[in-house]
Protein chains: 2
Amino acid sequence: MTIRESGEMYLETIYILSQKSSTVRGIDIGAYMLFSKPSVSRAIGLLKKEGLVITDEQGYIKLTDAGEKKAKIIYERHQLISRLLMDLGVDEKTAIEDACRIEHYISEKTFDAIKKHVDKYGAKKS
Amino acid sequence: MTIRESGEMYLETIYILSQKSSTVRGIDIGAYMLFSKPSVSRAIGLLKKEGLVITDEQGYIKLTDAGEKKAKIIYERHQLISRLLMDLGVDEKTAIEDACRIEHYISEKTFDAIKKHVDKYGAKKS
DNA sequence: TATTATAGTTAGTGTCGGCTAACTTGTCAA
DNA sequence: TTGACAAGTTAGCCGACACTAACTATAATA
């Protein structure tokens with residue numbers, strides 16, 4: 001069972017929250033994603049099974065090395081797509097929102113192409 | 001009930017097939033999309049309910065005016081995103097595939113921005 | 001200490017959108 | 001005329017992924 005869009009979103013969220021705070025709880029994830037506690041609970045359970053997430057003794061949620069690696073890739077994609085869209089003239093809010101949905105559906109090849117473009121011309125805005 | 005990703009794909013397919021042949025049947029749609037007959041049957045039923053599709057006396061599937069309008073928009077999006085990706089250096093096959101998945105998730109604003117870009121710089125390839 | 005609030009889980013539901021199996025119907029050829 | 005095939009539909013299933021209601025466990029506070 002490989003990870004899907006929903007799982008990617010959770011991973012990315014955990015990654016983002018981990019950078020703001022050293023402790024991430026299910027409830028924080030739910031608050032960020034606007035999902036209910038049971039939805040988060042189930043999703044985290046699945047990510048644990050896949051070895052992408054663990055919970056420590058206090059119940060805090062952490063990414064495993066594998067999870068962190070994946071999360072970074074997803075996060076990087078999000079950033080890059082946002083930048084591309086902003087380069088094209090899309091306002092930041094819309095760019096971030098659209099990137100969030102698109103990021104799960106682009107191939108490696110397209111991602112590389114966007115990377116090249118943004119490295120060359122882009123990133124008006126960090 | 002508003003149309004979703006799956007419905008958009010069916011509409012676009014009907015649109016494409018309608019341009020190749022004046023008669024479009026469920027079986028043709030299934031062959032194109034690689035979906036089973038019952039899946040197509042159900043989807044077409046839903047599109048009929050939404051007034052986007054009708055079947056004529058012989059059972060052939062046609063877009064209504066509303067359906068054609070929607071289908072055109074979706075098709076145009078697909079074309080534009082493909083061009084954008086090709087402009088970025090993505091090969092045609094990959095560009096078309098990725099565009100197919102992305103097209104359902106971009107906002108009007110982003111679409112407009114892509115349109116401007118492609119009109120200005122793009123379309124190396126029709 | 002007893003109460004209350006917070007966090008997590010369990011159980012069960014609903015929608016979307018695929019699927020197979022099996023039935024119906026119409027056409028065409030033996 | 002009958003038998004077979006092609007196309008469509010019906011019935012029912014499944015996975016993904018949200019939800020609510022309700023239970024549990026723990027921590028904080030009156």
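Quick note: numbers below take in every heavy atom, side chains included, and nothing from hydrogens, waters or symmetry partners. Keep in mind it's a predicted model, so treat the numbers as computed, not measured.
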Using residues 11-20 of chain A as the side-chain source, report each donor-acceptor pair under 3.5 Å to any protein atom, sequence neighbours left out, with the distance given to one decimal.
| from | atom 1 | to | atom 2 | distance (Å) |
| --- | --- | --- | --- | --- |
| A/Glu12 | OE2 | A/His78 | ND1 | 3.0 |
| A/Thr13 | OG1 | A/Met9 | O | 2.8 |
| A/Tyr15 | OH | A/Gln19 | NE2 | 3.4 |
| A/Ser18 | OG | A/Ile14 | O | 2.7 |

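Atom CD1 of B/Ile29 is separated from atom P of D/dT9 by 10 Å (rounded to the nearest Å). The interatomic distance linking A/Asp28 (CG) with C/dG8 (C1') rounds to 12 Å, in whole Å. The interatomic distance linking A/Arg25 (CZ) with D/dA27 (P) rounds to 13 Å, in whole Å. Atom CD1 in A/Ile27 sits about 6 Å away from atom C1' in C/dA7, given to the nearest Å. If you take CD1 of B/Ile44 and P of D/dG8, they are 10 Å apart, rounded to a whole angstrom. Spacing between atom CD of A/Glu50 and atom P of D/dC17 amounts to 10 Å, rounded to whole angstrom units. As a whole-Å value, the separation of B/Asp56 CG from D/dG8 P is 11 Å. If you take CD of B/Glu8 and C1' of C/dC16, they are 14 Å apart, rounded to a whole angstrom.
With a 4.5 Å cut-off on side-chain heavy atoms, B/Lys72 and B/Tyr75 do not count as touching.
Environment of CG in A/Asp56: crowded, with over 12 heavy atoms of neighbouring residues, nucleotides or ligands closer than 6.0 Å.
Tested against A/Val53, the residues A/Leu46, A/Thr64, A/Ile61 include a single side chain to side chain contact (heavy atoms under 4.5 Å, CB included) partner, A/Ile61.
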For this session: Do nucleotides 17-23 of chain C as a string where each nucleotide becomes B, S or -: B if the base has a protein heavy atom under 4.0 Å, S if just the sugar-phosphate does, - if no protein is that close.
Result: BBBBB--
Exercise. Checking salt bridge (Lys or Arg N to Asp or Glu O under 4.0 Å) for the pair A/Arg101/A/Glu97: CA distance, chi angles, key distance, verdict?
Worked result: CA-CA 7 Å; A/Arg101 295 198 302 278; A/Glu97 281 170 11; 5.2 Å; no
For this session: Let me see the working for A/Arg25 and A/Asp28 under salt bridge (Lys or Arg N to Asp or Glu O under 4.0 Å), right down to the final yes or no.
Result: CA-CA 5 Å; A/Arg25 299 166 308 166; A/Asp28 304 321; 2.9 Å; yes
